[in-house]
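Here is the structure we will look at.
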Amino acid sequence: MFTKILIANRGEIAVRIIRACREMGILTVTVFSEADRDSMHVSLADEAYCIGPPQIKDSYLNMSAIITVAAATGAQAIHPGYGLLAENAKFAALCEQCGIVFIGPRSQTIKELGDKNAARGIMVKAGVPVVPGWDLIHDLTDAEKAAKKLGYPLLIKARAGGGGRGIRLVSSPSELEKSFLSACAEAKSAFGDGSVYMEKFLSPVKHIEMQMLCDTEGNAVCLGERECSIQRKSQKLIEESPSPSISQTLREQMQEAAIKAVKAVNYTGVGTVEFLLDQDKNFYFIEMNTRLQVEHPVTEMVTDVDLVKWQIRVAAGVPLAGFDNYAIKGHAIECRINAENPFAGFRASSGRITNLHIPGGAFVRFDTAIYQNCVISPYYDSMIGKLIVYAGTREEAIRKMRTALCELIIEGVDHNIELHLEILSDPLFVSGDYTTDFIEKSDILRKKVKVGELC
Ligand code: ADP
Ligand code: ADP
Ligand code: MG
């Protein structure tokens, strides 16, 4: 087992990984930007080193600085968290070349699956159903040809996409040119790769994903699904497990497809196979995320498996054990707490947290790196915490989440606690039949209310 790990991330996920390491008796090294000097991940780690200015490209994405710190401190492995360098095949390859274990799949696997268009091809070959789509679109003529074949509405997606960026919905031929150009431009600026492909836009659909865990000896388990259909701007907001709307038979079919997907690429480590599920209960692969997922805690709560610890173990060559008879029990829900104003186009908010109260009680978990008086910086992702609850049934979990949200107090920055409370009391959410267009279709964003009125 490793004795020292470098964590190449910040915020709640860096804290989450430090905790797992400490519990495993592993020393931790963190890196930080000048804006993060007073951050929780810096104070909790055994060692911390400043690697550059606030902009992520100059610090958290500075590969050579991170590798240098790992080598100088004797860290045997690097945990990339999610976002930042987590799905960067070049960084994983650099670690491999330097004899440092990258806690994730092999660089080759990240490369294969990180090309979302090529990944679709791999899945077709493996017998996994994919959304009807079209190969890379090089120019407007290509786009017109593909659109004619696929029909409207359709989606233009970035080949290197992530975090909901580089995606454009095209409803009619008149929008095609503008959407194509803006998708390419956004993809180029966000991912350094302007290539795009096309998919049929399926609606209404549910987003259901499978949590996978694979060791280096070829063993693979699926730790159930997460339903992530409550989204804003193609980014998840609320996740739950198990999904309220799939039968055991369908669950097993999706698990089987997800196992085929990971076997097709000899996957190692934790990863997530994302599917869309239509009204006729047909499911389609959209992408595989080759990393720990933001919403991994909901799976941890219903399986009793610490995913970060297992991720570290399999990276160290430990084979999977104890998963033969594992069972999914109860129900877990996660609400992503973002520093943003949902009622003003989800505009990100920054500033000092002047008052903070974190809820507690049995089976209530708040993964965060914020504390009273800390400053939310404008340089980074707006997600400042994840509130997760666990209960025996979905009804009880919803009530528990509402209770916890009412207790959660964050003052000094805008946040989305009211929005979560509204969603949780919406009859469509409660029914479990909601789809990815839930927020867009509901009138929640038009009737701004105060937390006090909701609790
Ligand atoms: P998840 O399903 O885990 O939420 P997301 O695609 O929403 O996955 O991304 C997780 C986090 O990583 C988000 O906070 C997002 O902003 C960030 N992220 C995702 N992809 C990228 C990327 N290519 N570059 C930078 N950050 C990313
Ligand atoms: P990212 O890499 O940014 O996470 P995804 O391909 O996973 O991008 O898509 C993000 C979200 O966009 C999905 O969770 C889903 O809500 C929506 N989406 C993606 N593809 C389709 C599609 N073909 N039809 C309908 N919705 C889609
Ligand atoms: Mg996705």
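Each ligand, and each atom within it, is numbered from 1 in the order the structure gives. Heavy atoms only: backbone and side chains are in, while hydrogens, waters and symmetry mates are out. Nothing fancy with the numbering, it's 1 onward along the sequence.
Residue-ligand proximity, S234 to ligand 2, at heavy-atom distances under 4.0 Å covers atoms 10 (C), 11 (C), 12 (O). Every atom of ligand 2 is numbered from 1 in the order shown, and the set under 4.0 Å from a heavy atom of I167 is 8 (O), 9 (O), 10 (C). Using a 4.0 Å cut-off to heavy atoms of V131, the atoms of ligand 2 that qualify are 23 (N). The H207 neighbourhood of ligand 2 comprises atoms 13 (C), 14 (O), with distances under 4.0 Å to a heavy atom of that residue. Near T436, meaning under 4.0 Å from any of its heavy atoms, are these atoms of ligand 2: 16 (O). Set against the non-hydrogen atoms of G162, the atoms of ligand 2 under 4.0 Å away are 1 (P), 2 (O), 3 (O). The atoms of ligand 2 that sit less than 4.0 Å from any heavy atom of G164 are 1 (P), 3 (O).
Summarising the contacts of atom 19 (C) of ligand 2 with K157, E199, K200, E87, the nearest heavy atom is found in K157. With I230, I286, L202 as candidates, the residue nearest to atom 25 (C) of ligand 2 on a non-hydrogen basis is L202. Around atom 16 (O) of ligand 2, the closest heavy atom drawn from M198, Q231, K116 belongs to Q231.
Salt-bridge annotation for R106 and E112: absent, with no side-chain N of the basic residue lying under 4.0 Å from a carboxylate O of the acidic one. Taking a cutoff of 4.0 Å between a charged side-chain nitrogen and a carboxylate oxygen, R232 and E340 qualify as a salt bridge. A salt bridge does not link E334 to R226: none of the charged nitrogens lies less than 4.0 Å from a carboxylate oxygen. One finds a salt bridge joining D193 and R159 here, because a Lys/Arg side-chain nitrogen approaches an Asp/Glu carboxylate oxygen to under 4.0 Å.
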Open item on the list: Using the rule given for side-chain contact (heavy atoms from CB on, under 4.5 Å), can you reason through Y152 versus S171, listing the C-alpha separation, both sets of side-chain angles and the distance that settles it, and then say yes or no?
Closed with: CA-CA 6 Å; Y152 293 90; S171 307; 5.9 Å; no
Task: Evaluation steps, side-chain contact (heavy atoms from CB on, under 4.5 Å), between D115 and K111 - done: CA-CA 6 Å; D115 179 336; K111 199 166 154 195; over 6 Å; no
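Applying the side chain to side chain donor-acceptor pair (under 3.5 Å) test to E217 and every residue at least two apart in sequence or in another chain returns nothing.
Residue contacts with ligand 2 for N289 are absent, since no atom lies close enough (heavy atoms, distance under 4.0 Å).
Note on ring orientation: taking the six-membered ring where Trp is involved, the planes of Y434 and F429 are parallel (angle under 30°, cut-offs 30° and 60°).
At a 4.0 Å cut-off, at least one heavy atom of G161 sits close enough to ligand 2 to count as contact.
Restricting E274 to its N/O/S atoms, the shortest distance to the Mg ion (ligand 3) is reached by OE1. With respect to the Mg ion (ligand 3), E287 has OE2 as its nearest N, O or S atom.
H420 contributes a side-chain N or O that, together with a main-chain N or O of R336, makes up a donor-acceptor pair within less than 3.5 Å.
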